[in-house]
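Hydrogens, waters and symmetry mates are skipped; everything else that's a heavy atom, side chains included, is used. Start at 1 and go down the list; that is how both ligands and their atoms are numbered. In this chain, residues are counted from 1 in sequence order.
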Amino acid sequence: MKSATILNKAIKEMPVNSFKCEFPAKSLNESFARIIVSAFVNQLDPTIAELSDIKTSVSEAVTNSIVHAYRETDIKKAQNVYLSGEYYSDGKIVITVKDKGCGIPNIKEAMQPLYTTLPSDERSGMGFTIIASFSDKLKVSSAPNKGTTVRFEKRIGNT
Ligand SMILES: Nc1ncnc2c1ncn2[C@@H]1O[C@H](COP(=O)(O)OP(=O)(O)O)[C@@H](O)[C@H]1O
Ligand SMILES: [Mg+2]
């Protein structure tokens, strides 16, 4: 491969813009996370529908870190949510929501529609299903007592 081609490829694979932040896993920070992501994604001039899909996915992932990750009360470490985003020249947006909580023992099972470990708490068990349907790609990784990372991608401007 010629060096100019390699360089062009490398530039294409570099994010045009990105952000990283962290905040305590408190329910009032769900709307905070939505606002951060909206402000970031607005730089790409999304449609109302595209923005709404991304905001909903962020809400679901951040809410999961807030309500599920740190439910064990004896967790001593900082109970934070780590949110980051990046977008690329082709309109691809990648959002990552991470926590250092209890982890998910069986990711496949947790991602099934209607599966919830908190049925009494008005959870619908549809969070992962919603993120999967509103994004182009969803990846969940998790380790017991280490935490969970939810990464989803959406390319905007496709129509
Ligand atoms: N960040 C997380 N940390 C620990 N467990 C999680 C996390 N996110 C999801 N889970 C587990 O996956 C299940 C399914 O999540 P979800 O589809 O969003 O449904 P719901 O939040 O309504 O229970 C949760 O009930 C919980 O057991
Ligand atoms: Mg949920």
Pull out every atom of ligand 1 sitting under 4.0 Å from any heavy atom of Cys102, numbered as shown with elements. 4 (C)
List every atom of ligand 1 that sits less than 4.0 Å from any heavy atom of Asp99, numbering the atoms from 1 in the order shown and giving each element. 1 (N), 2 (C)
I need the nearest protein heavy-atom contact for [atom]: residue, atom name and distance, please.
atom: atom 23 (O) of ligand 1; value: Thr116 OG1, 2.5 Å
atom: atom 22 (O) of ligand 1; value: Gly125 N, 2.7 Å
atom: atom 16 (P) of ligand 1; value: Gly127 N, 3.6 Å
atom: atom 21 (O) of ligand 1; value: His68 NE2, 2.7 Å
atom: atom 8 (N) of ligand 1; value: Asn64 CB, 3.3 Å

Using heavy-atom distances only, which candidate in [options] approaches [atom] most closely?
atom: atom 12 (O) of ligand 1; options: Ala25, Ala110, Ala69; answer: Ala110
atom: atom 7 (C) of ligand 1; options: Ile104, Thr149, Thr129; answer: Ile104
atom: atom 26 (C) of ligand 1; options: Thr63, Val97, Thr117; answer: Thr117
atom: atom 4 (C) of ligand 1; options: Gly147, Ser124, Ser142, Gly103; answer: Gly103

Could you tell me whether the side chain of Glu86 reaches within less than 4.5 Å of the side chain of Asn17, counting heavy atoms only? no
When you compare the side chain of Lys92 with that of Glu153, does any pair of heavy atoms fall below 4.5 Å? yes
Any donor-acceptor N/O pair, [X] side chain to [Y] backbone, under 3.5 Å:
X: Ser133; Y: Ile130; answer: yes
X: Tyr70; Y: Cys102; answer: no
X: Arg155; Y: Asp90; answer: yes
X: Lys154; Y: Val94; answer: no
X: Glu50; Y: Thr47; answer: yes
X: Thr148; Y: Asp99; answer: no
X: Asn29; Y: Ala25; answer: no

Is the contact between Thr148 and ligand 1 made by the side chain, the backbone, both, or neither, using heavy atoms and a 4.0 Å cut-off? side chain
Between Phe40 and Tyr87, does the ring centroid distance fall short of 6.0 Å? yes
Quick check on Gly101 - does any of its heavy atoms sit under 4.0 Å from an atom of ligand 1? no
Please indicate whether Leu28 has more than 12 foreign heavy atoms, meaning atoms of other residues, nucleotides or ligands, lying under 6.0 Å from its CG. yes
I need the full list of side chain to side chain donor-acceptor pair (under 3.5 Å) pairs touching residues 103-116, with sequence neighbours left out, sorted by first then second residue. none
Quick one: name the protein N/O/S atoms under 2.8 Å from the Mg ion (ligand 2), chain by chain. Asn64 OD1
